[in-house]
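Read through the structure below, which is laid out as C-alpha cells, and then see the notes.
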Number of protein chains: 2
Amino acid sequence: MTTQLDATTPRAGAGREKVVAAALELFAERGVSGTSLQMIADRLGVTKAAVYYHFKAKRDIVLAVVRPALAEIATIAEDAERERSQAVRTEVLLVGIVDLLIRHRRLYGIIESDLAVGEILATDPILASLGERLAAVLIGPDPDPGQIVAANMFLAGLKSAGASAAAGLTDDELRTHILDCGRRLLRRRRQPSGRTATP
Amino acid sequence: MTTQLDATTPRAGAGREKVVAAALELFAERGVSGTSLQMIADRLGVTKAAVYYHFKAKRDIVLAVVRPALAEIATIAEDAERERSQAVRTEVLLVGIVDLLIRHRRLYGIIESDLAVGEILATDPILASLGERLAAVLIGPDPDPGQIVAANMFLAGLKSAGASAAAGLTDDELRTHILDCGRRLLRRRRQPSGRTATP
DNA sequence: GTCTATAAGACGATAGAC
DNA sequence: GTCTATCGTCTTATAGAC
C-alpha cells in the first residue's frame with residue numbers, strides 16, 4: 001500500500017472516511033442543518049477539534065458526503081447524452097438514476113430535503129447545474145410544459161418513493177416499481193395541439 | 001365587529017396574523033430551520049420580544065402557518081372517504097389536493113422540505129398521521145407495493161412539480177399538468193400475478 | 001402591544017499544547 | 001491526530017419598564 005492520492009478525494013485517510021460515514025448517517029437521520037459538528041464528533045467518540053483536523057469547514061463535509069454520488073450521476077447523464085434516440089436517452093438515464101438511488105438510498109434524501117444543501121451545492125459550478133441538466137436529458141430538446149412538470153415530479157418523488165415505501169421491499173422490487181413510475185410519467189404523450197410527428 | 005373567537009385560531013388578531021404572514025414568506029424562502037425569530041421580527045419592523053407576545057414559542061408559529069392548509073386537506077380526505085367507489089375516491093382526493101396545492105403553492109414546499117417541520121407536526125396527533133392517511137385513501141384498501149410507491153412519489157413530487165416548473169405557467173395549466181401526472185401514476189394497472197378481478 | 005436588556009446555551013471555527 | 005480552551009456570533013426564550 002502506498003500513500004498515493006485517490007482520484008476523487010484529496011488526501012483520503014481512514015479518519016477522514018470515518019467522519020464522512022458518520023456524517024452520512026446523521027444527515028440522513030436529522031438533515032444537514034439539524035446535524036452539528038458536535039454530533040458528528042460525539043458519534044465518533046472524539047472532539048469537534050478532531051473533526052476539524054480532517055475538514056476545515058462543515059461545508060466541506062457536506063460536499064465530501066454528496067460529491068461521489070453526484071459525480072456518478074453526471075457520468076450516467078453523459079452516457080445517456082451519447083445515445084441518438086431521445087427514447088433511448090430517457091431510458092438510459094432513467095435506469096441509471098434509479099439504479100443509483102437503490103445503491104445510495106439514504107443519500108438521495110439528504111440532497112433533496114434540505115435547502116442548506118442546495119446553497120452549498122450551488123457553490124460548485126459543476127454540481128449546481130446538475131438538476132436542470134438531468135431534467136433536460138430526461139425529456140429531450142424542446143419539451144412541452146407537461147413534460148417538464150412530469151420530470152420534476154419524478155426527480156423529486158424519487159426521494160420519498162425510496163424512503164417511506166421501502167418498508168418490506170427488496171432492492172429489486174423497489175427498483176422495478178420506481179422504474180414503472182418513471183416510465184408512466186415520462187412516456188411521451190400525443191401533442192394536445194394535434195401533430196404527432198414531424199417530417 | 002366583535003371580539004369573538006375564530007374557530008381555527010385562538011385569539012386571532014391583526015398583529016398575530018402579520019407574524020404568520022411574514023413567517024410564511026420567510027419559511028418559503030429559507031426553510032423553517034433557516035428562519036430565526038429575529039428575521040421574522042426584522043421583516044415586521046419590530047423586536048423579537050414583540051413576536052413572543054403573540055406566540056410563546058417558534059413551534060407555535062410553525063403550527064399556525066401550516067395548520068389551516070392541513071385542516072383543509074383533512075376535510076378533503078373526509079369527502080373522498082365518503083365515496084363508494086375507489087376510483088371516485090382517488091379522483092376526488094387527487095383533484096382536491098392539486099387544487100389546494102395551486103392555492104397554497106408556497107406552503108406545500110415548507111411542509112415537505114424541512115425535517116424540523118415533520119418533528120413539530122408529529123407533536124399534533126391529528127396532523128401526524130395525515131400523510132399516511134392520504135396515501136391510504138389515494139390508493140384504496142389493500143394496495144400492492146407498486147401502488148404505495150406510486151402514491152408516495154406523487155405526494156412527494158407535488159412540491160417540486162409546483163415549484164420549479166411553475167416558471168411560465170398559469171395556475172390552470174399547472175393544475176392540468178399535475179393532475180395528468182397524478183392520473184398516470186395512480187391509475188390501477190393489471191395485477192402482475194394474473195387475476196384482474198375478485199368475485 | 002411594544003420596548004430594552006439579558007439570560008443560558010449551541011453553533012461554527014481557531015489557537016496552541018501534547 | 002487528538003486534545004483543552006476559547007472566541008465571537010447566533011439562537012430561543014424571559015423579565016420587567018413604558
Side-chain angles (χ1 to χ4, degrees), chain A residues 1 3 5-6 9-24 26-27 29-66 110 114-123, chain B residues 1 3 5-6 9-23 26-27 29-66 110 114-121 123:
Chain A
M1 303 287 183
T3 50
L5 294 184
D6 183 273
T9 54
R11 215 179 343 165
R16 194 183 163 97
E17 275 163 36
K18 275 184 190 165
V19 171
V20 171
L24 170 58
L26 284 162
F27 290 168
E29 288 168 20
R30 332 188 27 129
V32 171
S33 303
T35 301
S36 69
L37 293 170
Q38 187 67 67
M39 294 173 189
I40 297 174
D42 287 351
R43 179 153 306 201
L44 293 172
V46 298
T47 61
K48 273 192 295 179
V51 175
Y52 269 104
Y53 171 78
H54 296 289
F55 297 91
K56 60 187 249 287
K58 184 182 182 181
R59 179 184 162 282
D60 297 324
I61 302 180
V62 176
L63 283 173
V65 165
V66 152
I110 293 173
D114 201 317
L115 286 170
V117 179
E119 284 171 29
I120 293 172
L121 262 48
T123 307
Chain B
M1 304 283 185
T3 50
L5 294 185
D6 181 273
T9 54
R11 214 180 341 167
R16 194 184 164 96
E17 276 164 36
K18 276 184 190 166
V19 171
V20 171
L26 285 162
F27 289 169
E29 289 168 18
R30 334 188 23 130
V32 172
S33 304
T35 301
S36 68
L37 293 171
Q38 187 65 67
M39 294 174 189
I40 297 173
D42 287 350
R43 179 153 304 201
L44 293 172
V46 298
T47 62
K48 276 186 296 177
V51 175
Y52 269 105
Y53 171 78
H54 297 289
F55 297 90
K56 58 187 250 288
K58 183 182 182 183
R59 181 186 162 281
D60 296 324
I61 303 180
V62 175
L63 282 173
V65 166
V66 152
I110 293 173
D114 202 318
L115 284 170
V117 179
E119 283 171 29
I120 293 172
L121 261 50
T123 307

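This structure is a prediction, so every number in the text was calculated from the model and none was measured. Convention: sequence-line order gives letters A, B, ...; per-chain numbering from 1.
Atom CG of A/D42 is separated from atom C1' of C/dA10 by 13 Å (rounded to the nearest Å). Following rounding to the nearest Å, A/H54 (NE2) and C/dA13 (P) show an atom-to-atom distance of 16 Å. Atom NZ in B/K56 sits about 19 Å away from atom C1' in C/dG1, given to the nearest Å. Across the protein-nucleic acid pair, A/I61 atom CD1 and C/dC11 atom P stand 13 Å apart, rounded to whole Å. Rounded to whole angstrom, the span from the CG atom of A/L37 across to the P atom of D/dC7 amounts to 20 Å. Rounded to an integer number of Å, the gap from A/Y53 OH to C/dA17 P is 18 Å. Between the C1' atom of C/dT2 and the CD1 atom of B/I40 lies a distance of 17 Å, rounded to the nearest Å.
Note on B/T47: every side-chain N or O is 4.0 Å or more away from OP1 and OP2 of C/dT2. Between C/dA10 and A/S36, no contact under 4.0 Å exists linking OP1 or OP2 to a side-chain N or O. For A/Y52, a side-chain nitrogen or oxygen approaches OP1 or OP2 of C/dA13 to under 4.0 Å.
When distances are taken from the side chain of A/V46 to each of C/dG12, D/dC3, C/dC11, the shortest belongs to D/dC3. For B/K48, the side-chain atoms get nearest to D/dT12 when compared with the rest of C/dA13, C/dC3, D/dT12.
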Which is it for A/L37 and A/I61 under the side chain to side chain contact (heavy atoms under 4.5 Å, CB included) test, yes or no, and what are the steps along the way? CA-CA 10 Å; A/L37 293 170; A/I61 302 180; 3.7 Å; yes
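Nearest-nucleotide positions on DNA chain C place B/A49 closer to the 5' end than the other of B/A49 and A/K58.
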